[in-house]
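A note on names: the letters A, B, ... follow the listed sequences, proteins ahead of strands, and every chain is numbered from 1.
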Protein chains: 2
Amino acid sequence: MPKPGPRLRLIDVAERAGVSLATASRALSGRDGVSEEVARRVRQISRELGYVANPYARTLAGGASSTVGLIVHQVDDPYFSEIASGVIEVAAEEGLLVQISHSGRDPDYELRQLRHLIAQRVGIILIAGSGYDDPRIEAEARTELSAFQKLGGRVAVIGRHSLGVDAVMPDNEAGGRALATHLLELGHRRIAVAAGTAGLTTVADRLAGVSAALRQRDLSLDGLPVVHCDFTRDGGRVAAEQILRDHPETTAIIALNDAMAIGVLSTLRAHRIPVPDRISVVGFDDVSVAADLAPSLTTVRLPMTDMGRMALTLALKPRSVRPRRRPTGHTLVVRDSTGPALRLPAGG
Amino acid sequence: MPKPGPRLRLIDVAERAGVSLATASRALSGRDGVSEEVARRVRQISRELGYVANPYARTLAGGASSTVGLIVHQVDDPYFSEIASGVIEVAAEEGLLVQISHSGRDPDYELRQLRHLIAQRVGIILIAGSGYDDPRIEAEARTELSAFQKLGGRVAVIGRHSLGVDAVMPDNEAGGRALATHLLELGHRRIAVAAGTAGLTTVADRLAGVSAALRQRDLSLDGLPVVHCDFTRDGGRVAAEQILRDHPETTAIIALNDAMAIGVLSTLRAHRIPVPDRISVVGFDDVSVAADLAPSLTTVRLPMTDMGRMALTLALKPRSVRPRRRPTGHTLVVRDSTGPALRLPAGG
DNA sequence: TTGAAAGCGCTAACAA
DNA sequence: TTGTTAGCGCTTTCAA
């Protein structure tokens, strides 16, 4: 394993500028206690020399930790890679480093990752994955995070977590409602849901939105088949198979994310079931390929890249007394995977 | 910006174990000069206490820098996010941190990112993007990297760079040949290429493979239309429009990556041109959605996740006298976007 | 407003 | 095999 070698140090900049180490440090970190004139000169020389502070020394000396730890379920899931992209953009603007770690949708592993990031002394932690309904997990995470925050660490999450920290709140409930309403307006009454893993708040909230829309129209929920599978493409395939088998009269399938919707479409294609003529399909998120599927996918757009930007932006602000919440908004994007409900023969 | 607070230190572990700081350090970093018995005890206690070394202190003190800098063009491009995923996996196994930075396919910006990573004192640098044909860029990067390596830094790249470092070599040329051969065997003679930005070695190599296949069959290359656009979905759309306009007799389009192929398919759909009946389309990479497009995409599979794993694995080995090269292999995946060439009326 | 000096927690000589 | 100690490059009191 390599060691970093000696390079340009702050003392070099200080000498060139004819000031002390302390003054140079103050000038570059923008603290006051330096005359504007000296500060400008130091910064000028620093720039000329191409000086970049050693983040290890800086952090060790008790300065700001300039690294942000980002926990995602899986970076090669487009939902998360788009969020990561937003985080990386802001980090680049702010001169921060982004460390990404995978949790693989395993709450216990995620907790370990969290502890590890804290032990690694990152300054900011961003949790991008869904929250969990499991009170034990949330409680343990909460304990870790509040200790971290007491020591000056900043935290922001994306999604509904009961962690008492700043949060970007995806419009899950409203989005679910929008999807269900769209299908109802098309005349669908035999709707099934391909849902992600039970226990994720994201799944629960989107589902709640769907239910609310049905209830609002006085439709019974008893008949709403909800199949819980992995929150992935493969989960979508499995869910679709099960729906076709157990509820052959279904005319519309709501997948609770686009990955699952892709799996659903793939299964319907394999069964040669025409979409949307026989069955309509909707997804959630609007990942960038959603528009390129055939048929192109009707879905709810969440501004993932912005959500990443927002999360880091929140974490960069000083901590407030009450946790901040930033709703994301959403847009129903109607494409070709939805159409009018098939009229079944009477009794159908 | 937050500061990390005081936490469990090595001295705490050492005291608990009744040994000196130095002994504890040696035991935990697996160096020799400690009796096996003592080492075991120290490790045991460290684990019980949940001790994690402060990476800032460790690096500052001249130890191994445990962070790896990964430069990608764009994380939310599936090609790169799959590579990143592989890197992150290995890093997690080795207890390393991964820092991702975007270069946005801008060679100058990429150079800046590189300098920044070096200045940040990462221990390992991984460059995942294509190399550039521009000698200036490569020369400057080479200079930076060799200085970095002299100081003990390790470097590995994915793709053909003339950087004199360990490299994972995607099977670009052979893959290009495989695609062209596949189309030729289907009877296509009017082939056009939707190529990425000129100046990328990846583009040049894939194109070289295509040319080689044509040459091998004694087909003239003069007539091969090659349209250079962005190496993205949008680039694919633009290229396809241009091909349709300038070469309406085309029966097959080779897109040099899947992103472009998606753009091509989208444009053909917009023009209501049936694929593959009227025009066949192939891509390159086999990103995970390739199988879910409609028609599903014939493409060349590169093992992206493994490539990420390989790159970090290479960088973890001690530097060798001659740079290592690891070919990736490739697989032609024939799906539904290719079919026999349309027989045109005589003279066509 | 500036400078001198004491650490931050660790690794790596050097001694024992 | 173990311990002692001098830094790594920075920030931050404390004095001037």
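- Between B:Leu10 atom CG and C:dA12 atom P the separation is 12 Å, expressed in whole Å.
- Residue contacts for A:Ser35: at a heavy-atom cut-off of 4.0 Å it reaches the sugar-phosphate backbone alone, with no base atom in range.
- Taking five base pairs at each end of the helix from C:dT1-D:dA16 to C:dA16-D:dT1 and finding the rotation axis that steps the C1' atoms of four pairs onto the next four gives two axes whose angle is 30°, to the nearest 10°.
- Counting to the nearest Å, the P atom of C:dC10 and the CZ atom of B:Arg26 are 15 Å from each other.
- Side-chain proximity of B:Val38 to D:dG3, D:dT2, C:dC10: nearest is D:dT2.
- A straight line from CG of A:Leu8 to P of D:dG9 spans 11 Å, rounded to a whole angstrom.
- Dashed line: the shortest gap from a side-chain N or O of A:Arg31 to OP1 or OP2 of D:dT12 is under 4.0 Å.
- No hydrogens or angles considered: nothing links the side chains of A:Ser103 and A:Arg112 as a donor-acceptor pair under 3.5 Å.
- The side chain of B:Arg58 sits closest to C:dC10 out of C:dC10, C:dT2, C:dG3.
- Nearest-nucleotide positions on DNA chain C place A:Val34 closer to the 5' end than the other of A:Leu21 and A:Val34.
- Within the 4.0 Å cut-off from OP1 or OP2 of D:dT2, not a single side-chain nitrogen or oxygen of B:Thr23 is found.
- Contact annotation: B:Tyr51 side-chain N/O to C:dC10 OP1/OP2 distance is under 4.0 Å.
- Residue-environment remark: CZ (B:Arg31) exceeds the threshold of 12 foreign heavy atoms within 6.0 Å.
- Atom-to-atom, OH of B:Tyr56 to C1' of D:dT11 comes out at 15 Å; the value is rounded to the nearest Å.
- The main-chain N or O of A:Val75 is never found under 3.5 Å from a side-chain atom of B:Ser85 such that the two would form a donor-acceptor pair.
- Distances from the side chain of B:Ser25 to the nucleotides C:dC10, D:dT11, C:dT11 place C:dT11 closest.
- Distances were taken from every side-chain heavy atom of A:Ala61 (C-beta onward) to each of D:dC8, D:dG3, C:dC8; the shortest belongs to C:dC8.
- Regarding A:Leu60, its CG atom lies at a distance of 12 Å from the P atom of D:dC10, rounded to whole Å.
- Atoms CD1 (B:Ile11) and P (C:dT11) sit 12 Å apart, rounded to a whole Å.
- A:Asn54 has its CG atom 7 Å from the P atom of D:dG9, to the nearest Å.
- In this structure, A:Asp166 contributes its side chain and A:Arg324 its backbone to a donor-acceptor pair below 3.5 Å.
- Looking only at distances, no side-chain donor or acceptor of A:Ser25 sits under 3.5 Å from a matching main-chain atom of A:Leu21.
- With rounding to the nearest 0.5 Å, the separation of CZ in A:Arg309 from CG in A:Leu314 is 13.0 Å.
- For the residue pair A:Leu126 and A:Ala311, the shortest heavy atom distance occurs at CD1-O, 4.0 Å.
- Distance CG (A:Leu28) to P (D:dT11): 8 Å, rounded to an integer number of Å.
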